Amino acid sequence: MFDDYVEHAADPPPITNIGNAIPNIEYEGFEPDQYAEEEQRLDRLGQAFYPGAPPPDSPPMFELGRVQYTLPAALSCMSVSSDILTMALKTNTLLQLNLKKPDAIITITLPTKKTPQELILSRVFLDPTGKHLVITTEQGDNFYSYDGWTKARQLSKFRMPIESIAWNPFAIGSTLPKTSTREILLGGRNGTIYEAV
């Protein structure tokens, strides 16, 4: 901060005109920034040549908007993909909302007799199409739901909290049954990666 301030240690120039009370000083205080012009040039280059940068007058990529909906319980976690918003509530129910048709809300229940205190929803995963939904709990119970289902199915063979899912891009538009995700990768809480077929 003080590096830009210049204090002249030399004697002031001699006063040549006795009638003039103010001495003739070229500069004193802040020096002009020698790098300012270079920084401005680089900023202009970066804006003009940045690959994939949207033009300055383009609309924003993301937009925040209000959804006029009051949740019936506290929100636990949520996921959005392809205009499908899935919200997991603390009551162990899920609400699925198509953002293009916000009037139609699907309630998804879990096939379990455990109470919300015994079964805590930790994450929900939607595939890129918004059709396949995987729900995982802190206790390691996992569930699967497909677009339009009102009751999820329990994945009884895989009991472990899931931390991440890598969806198969080749499953989109494939000729397999609509509920098939093809092969996907599941990342477990213990750091192990599983392939689900």
Side-chain angles (χ1 to χ4, degrees), residues 58-197:
S58 66
M61 183 181 294
F62 297 104
E63 185 178 317
L64 290 177
R66 246 181 222 283
V67 176
Q68 297 295 328
Y69 182 72
T70 305
L71 295 174
L75 183 67
S76 175
C77 53
M78 67 183 211
S79 181
V80 179
S81 183
S82 295
D83 287 331
I84 303 296
L85 170 65
T86 302
M87 300 171 283
L89 306 177
K90 297 276 185 185
T91 57
N92 290 347
T93 56
L94 291 100
L95 300 175
Q96 208 166 45
L97 171 72
N98 186 339
L99 297 174
K100 291 181 181 175
K101 302 175 200 165
D103 296 335
I105 297 173
I106 299 172
T107 303
I108 301 171
T109 58
L110 301 180
T112 182
K113 294 184 181 179
K114 295 180 180 177
T115 65
Q117 292 77 20
E118 297 172 335
L119 191 71
I120 301 168
L121 298 181
S122 62
R123 296 189 193 280
V124 290
F125 302 98
L126 273 173
D127 80 319
T129 64
K131 304 235 182 249
H132 302 280
L133 172 67
V134 175
I135 306 118
T136 187
T137 66
E138 292 289 330
Q139 293 74 18
D141 293 322
N142 298 300
F143 302 90
Y144 171 78
S145 179
Y146 185 73
D147 183 35
W149 290 4
T150 56
K151 190 170 186 177
R153 294 186 182 160
Q154 187 163 10
L155 303 174
S156 56
K157 294 181 181 179
F158 191 79
R159 289 196 40 86
M160 175 181 290
I162 300 171
E163 290 294 318
S164 61
I165 295 182
W167 299 95
N168 190 339
F170 299 111
I172 299 171
S174 69
T175 57
L176 293 172
K178 63 181 182 177
T179 57
S180 173
T181 60
R182 293 186 63 166
E183 303 83 11
I184 59 174
L185 298 178
L186 304 168
R189 183 166 289 168
N190 61 359
T192 308
I193 298 174
Y194 300 93
E195 181 179 4
V197 183

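Keep in mind the model is a prediction, meaning the values are calculated, not measured.
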Please table the atom pairs, donor to acceptor, closer than 3.5 Å between any side-chain atom in residues 190-197 and protein atoms at least two apart or in another chain.
unit_1, atom_1, unit_2, atom_2, d
N190, OD1, T192, N, 3.0
N190, OD1, T192, OG1, 3.1
N190, ND2, T192, OG1, 3.4

Which pairs count as side chain to side chain donor-acceptor pair (under 3.5 Å) when at least one residue sits in residues 111-123, sequence neighbours excluded? K114-D141, T115-Q117, R123-E163
Residue list, side-chain contact (heavy atoms from CB on, under 4.5 Å) with N92, at least two apart or on another chain: L110, P116, L119, L121
Quick one: pull up CG in L94 and CD1 in I106 and give me the separation to the nearest 0.5 Å. 11.5 Å
Return the set of residues passing side chain to side chain donor-acceptor pair (under 3.5 Å) with T137 (not counting sequence neighbours), or none when no residue passes. none
Does the Q139 side chain pair with the main chain of I120, one donor and one acceptor, at a distance under 3.5 Å? yes
To the nearest 0.5 Å, tell me how far M78 CE sits from L71 CG. 9.5 Å
Please report the interatomic distance OG(S82) to CG(D127), rounded to the nearest 0.5 Å. 7.5 Å
Calculate, to the nearest 0.5 Å, the distance between atoms CG and CD1 belonging to L97 and I105 respectively. 5.5 Å
Anything under 3.5 Å between a donor and an acceptor, one on a side chain of residues 143-157, the other on a protein residue two or more places apart or in another chain? List them.
unit_1, atom_1, unit_2, atom_2, d
Y144, OH, H132, ND1, 2.6
Y144, OH, T179, O, 3.1
D147, OD2, K131, NZ, 3.4

Which residues pass the side-chain contact (heavy atoms from CB on, under 4.5 Å) test with T91, not counting sequence neighbours? A73, L89, T93
Residue pairs passing the side chain to side chain donor-acceptor pair (under 3.5 Å) test with at least one member in residues 95-107, sequence neighbours excluded, are T86-Q96
In the structure I gave you, are the side-chain heavy atoms of T136 and F158 within less than 4.5 Å of one another anywhere? no
Using 0.5 Å steps for rounding, measure from the CD1 atom of I165 to the OG atom of S79. 9.5 Å
Sidechain-backbone polar pair: S81 side chain, L126 backbone, donor-acceptor under 3.5 Å: no
For the CG atom of L133 and the CD1 atom of I108, what is their distance to the nearest 0.5 Å? 5.5 Å
